[in-house]
Each structure stands twice: as C-alpha cells, then as structure tokens.
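One structure below.
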Amino acid sequence: MSARTRSFALQVLRLCGELHGDYVVEHVGKQLLRAASSLAANFRAACHAKSSPDCFSKLKMCEEKSVVACFWLEANEIAAIISASCVTARARLKK
C-alpha cells in the first residue's frame, strides 16, 4: 500500500505539472497536489508509528486526505471543462 500511495502522489505531481490554465485550474491543481502528497506521507508515517493509537491516528488522516484528493480530482475535471468553455466563448466573442 505504501508503494501505491507513493505512486498516486507521483502521478498527481505529473498531472499537476501539465495543468495550464487560469487561476481556478491552478488552484485546484495545487489543492490536489497537497492532498495526494499528504496522503502518501501520512501512510508512510503510519507504517513507522510508535504505537497502535498513533498508527490509527495517521491512518485516519490518510482516509481524510484520500477523500479530499477524490474531491479535488473531480473539481479538477470540472475546472478544466469550465476553463475550456471560457476559451471557446472568448473566441466566439471576438468573431
């Protein structure tokens, strides 16, 4: 699971590196990157926890960050669609 969370964070890092657009797209990308990297870091920390309660606490943080990452992935898709629509609308207004 540690390898999977790390892989997810790296995939998100690559995705966010390719995002270009307006403020909204960049904001969503940054939020997604924070959530994904925090998920991977907290899972790794859970694997090295000092006690069972500490491990549980870190795993709950992972759960929270995974929910947040899913939210921002969905928001990223919506932001990209809206951004593309704005570009199209702007081009039509110039005609």
Side-chain angles (χ1 to χ4, degrees):
M1 188 67 177
S2 185
R4 290 179 70 186
T5 58
R6 183 176 181 275
S7 176
F8 175 67
L10 291 173
Q11 288 174 356
V12 167
L13 179 65
R14 282 191 286 277
L15 169 70
C16 291
E18 295 176 9
L19 290 177
H20 303 288
D22 58 13
Y23 172 77
V24 174
V25 173
E26 289 182 16
H27 175 74
V28 170
K30 288 176 185 177
Q31 294 293 334
L32 172 59
L33 183 56
R34 283 188 193 101
S37 58
S38 181
L39 167 61
N42 278 298
F43 190 83
R44 186 172 187 171
C47 293
H48 300 284
K50 296 176 183 175
S51 65
S52 293
D54 186 35
C55 180
F56 179 75
S57 175
K58 290 177 184 349
L59 288 174
K60 287 301 284 181
M61 182 64 70
C62 291
E63 180 183 45
E64 178 185 333
K65 295 302 178 179
S66 68
V67 169
V68 171
C70 287
F71 171 81
W72 287 117
L73 277 169
E74 292 169 7
N76 186 48
E77 291 176 23
I78 293 167
I81 291 168
I82 290 170
S83 182
S85 296
C86 288
V87 169
T88 302
R90 199 173 296 133
R92 287 182 181 163
L93 286 173
K94 289 181 180 180
K95 290 183 180 181

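Just so it is clear, the model here is predicted, and its values are computed rather than measured. Computation of the quantities below employed the complete heavy-atom set of this structure, encompassing side-chain atoms and omitting hydrogens, waters and symmetry-equivalent molecules.
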task: Enter the distance from L13:CG to E18:CD here, rounded to the nearest 0.5 Å.
output: 10.5 Å

- line: Of L10, T5, V12, the one forming a side-chain contact (heavy atoms from CB on, under 4.5 Å) with F8 is V12

- request: Write down the atom of C55, the atom of A46, and the distance for their closest heavy-atom approach.
  value: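 Result for this residue pair: SG-O, 3.6 Å.
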
What side-chain donor-acceptor pairs closer than 3.5 Å can you find for residues 28-36, not counting sequence neighbours?
none

Can you give the donor-acceptor pairs under 3.5 Å from side chains of residues 58-73 to other protein atoms, not counting sequence neighbours?
{"residue": "K58", "atom": "NZ", "partner": "D54", "partner atom": "OD1", "Å": "3.2"}
{"residue": "K60", "atom": "NZ", "partner": "E63", "partner atom": "OE1", "Å": "2.6"}
{"residue": "S66", "atom": "OG", "partner": "C62", "partner atom": "O", "Å": "3.4"}
{"residue": "S66", "atom": "OG", "partner": "E63", "partner atom": "O", "Å": "2.7"}

field: Nonpolar side-chain network containing V87, other nodes, edges under 4.5 Å
entry: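 None; V87 is a cluster of one.
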
- request: Mark yes or no for whether T88, through its side chain, and A84, through its backbone, hold a donor-acceptor pair below 3.5 Å.
  value: yes

